[in-house]
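Shown next, in structure tokens, is the structure this report addresses.
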There are 2 protein chains.
Amino acid sequence: MNTRHDANWDERALLLLGVLMIQSQHGYQINDFIERCGVTTMKKPTAYALLDRLAAAELITVETEQAGNRPPRKVYTITTAGRTLFQQLLTRTLATADTPIAQGDIGLMFLNHLPHEVALQQLQQRLADLDQQLADRAHTHLPPDHGHLGIDLVLEHQQARLQADRDWLAATIARLTNGVEALMTPQR
Amino acid sequence: MNTRHDANWDERALLLLGVLMIQSQHGYQINDFIERCGVTTMKKPTAYALLDRLAAAELITVETEQAGNRPPRKVYTITTAGRTLFQQLLTRTLATADTPIAQGDIGLMFLNHLPHEVALQQLQQRLADLDQQLADRAHTHLPPDHGHLGIDLVLEHQQARLQADRDWLAATIARLTNGVEALMTPQR
DNA sequence: ATCTGTATAGTCAAACATGACTATATCGAG
DNA sequence: CTCGATATAGTCATGTTTGACTATACAGAT
């Protein structure tokens with residue numbers, strides 16, 4: 001019936017269903033994975049809310065499990081319908097490229113409203129920030145199932161993007177330093 | 001008082017204030033600019049809501065203007081306080097790089113849940129999508145104030161990212177075609 | 001005259017997202 | 001034995017976001 005959702009819903013549902021494709025898990029594990037893997041900004045309460053909606057749509061089931069005298073856990077398990085949807089979402093998602101929108105570009109757009117040397121100074125700072133991020137990703141804090149193909153691909157892709165951003169920014173700073181005129185005659 | 005906002009608020013406020021730094025504008029113009037410039041996914045009602053909040057904080061003023069017997073327009077104008085905040089937000093934004101999160105990476109993560117040849121086929125499709133986007137950006141539909149430094153920078157940056165994505169994806173498809181083993185011994 | 005397209009200017013109900021908060025259990029350090 | 005850290009498992013009030021919708025005015029085509 002109500003299969004009208006936005007792209008955001010698709011991606012997030014895909015993530016949760018994907019996590020449950022690995023194995024049935026309880027809330028803490030799921031949220032832990034989400035926080036660590038770094039492919040989304042979705043927060044804990046949002047994940048719980050979505051899990052509820054997925055359960056309501058019978059794409060997953062919820063069972064309460066009691067281990068020792070710890071607080072009871074809710075264990076989420078993907079259903080057959082969930083697996084089917086997972087396949088569909090995965091196939092569709094892999095086939096389409098999202099238009100890359102960089103938050104930071106909003107600042108770039110109004111660069112001219114700042115004194116030239118101030119703007120350059122801030123961009124230097126951004127470049128340092130970028131270099132820091134590139135350095136940090138040496139010691140990534142990922143779950144111990146490393147060697148998993150998908151995760152390696154994501155890490156590579158993130159690194160490639162970071163590097164592209166860094167290269168472009170460095171080149172841009174250089175051009176801006178040589179005066180704005182250089183921008184009007186780009187050698188592309 | 002309540003200066004506790006998230007990064008999202010910062011960027012969006014910066015965009016609206018920046019638009020009003022160019023000149024005072026009415027709602028339609030503002031939203032038109034936002035849609036065309038392609039640096040955010042913020043929708044019209046969201047922009048109006050934010051404009052109301054900015055007005056309540058006295059960062060902008062609103063005047064109703066009657067032109068002919070057309071429907072009345074609300075003209076938004078940035079205040080001195082608004083200009084000050086704009087400078088602050090702009091400076092801060094320029095100095096920090098956002099961690100690049102690619103929606104599409106969620107799909108990548110679960111690549112192994114699809115038959116190898118199906119996955120490759122979908123990625124080919126994604127590559128074609130990317131090439132299409134690169135081709136489309138030849139005839140960009142931007143406002144006629146082209147030559148404006150900031151806009152040119154943003155376009156360049158978007159292109160650089162798109163190109164990086166394309167290159168990485170093409171290389172990855174090639175590696176996956178040659179069998180997964182190649183991934184385990186990357187020549188980096 | 002009428003129709004179509006589009007510039008114009010928003011509103012609203014409903015869904016969504018999250019910071020802050022509440023609790024209990026286990027374990028190693030001191 | 002106590003304290004802090006952290007694994008565990010969420011909830012809720014509050015604010016945010018948006019799809020869908022409502023309207024009027026004008027210009028050019030038919």
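Values reported hereafter were calculated over all heavy atoms of this structure, with side chains retained and with hydrogens, waters and symmetry mates removed. Numbered from 1 within each chain, the chains take letters A, B, ... in sequence-line order.
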Please name all residues satisfying salt bridge (charged side-chain N to carboxylate O under 4.0 Å, His left out) with R161(B), sequence neighbours left out, ordered by chain then number. D165(A)
The correct set of residues in residues 40-56 of chain B placing a heavy atom under 4.0 Å from DNA chain C is K44(B), P45(B), Y48(B)
Sort and list the pairs that fulfil salt bridge (Lys or Arg N to Asp or Glu O under 4.0 Å) and have at least one residue in residues 46-56 of chain B, not counting sequence neighbours. none
Check whether any side-chain nitrogen or oxygen of R12(A) sits under 4.0 Å from OP1 or OP2 of dC16(C), and answer yes or no. no
When you measure from the side chain of Q158(B) to the backbone of G38(B), do you find a donor-acceptor pair of N or O atoms at a distance under 3.5 Å? yes
Under the rule for ring-ring contact (aromatic ring centres under 6.0 Å, His included), what residues qualify as partners of F86(B), not counting sequence neighbours? F110(A), H113(A)
Residues pairing under salt bridge (Lys or Arg N to Asp or Glu O under 4.0 Å) where one sits in residues 106-132 of chain A, two or more places apart or in two chains, turn out to be D131(A)-R166(A)
Got a sec, which pairs hit salt bridge (Lys or Arg N to Asp or Glu O under 4.0 Å) with one end in residues 90-104 of chain B, sequence neighbours left out? D10(B)-R92(B)
Residue pairs meeting side-chain hydrogen bond (donor to acceptor under 3.5 Å, both in side chains), one or both in residues 11-30 of chain B, sequence neighbours left out, come to S24(B)-T77(B), H26(B)-Q29(B), H26(B)-R73(B)
With sequence neighbours excluded, tell me which residues meet side-chain hydrogen bond (donor to acceptor under 3.5 Å, both in side chains) with Q103(B). none
Verify the contact: side-chain N or O of N8(B) to OP1 or OP2 of dT17(D), cut-off strictly under 4.0 Å; return yes or no. yes
Nearest-Å distance, CH2 (W9(B)) to P (dG19(C))? 16 Å
Round to the nearest Å and state the distance from K74(A) atom NZ to dA23(C) atom P. 17 Å
Would you kindly give the CD-to-P distance between E35(B) and dT6(C), to the nearest whole Å? 14 Å
Atom-to-atom span, OH of Y76(B) to C1' of dT8(C) - whole angstrom: 13 Å
Just to be sure I understand the geometry, which residues of residues 20-31 of chain A put a non-hydrogen atom under 4.0 Å away from DNA chain D? H26(A), Y28(A)
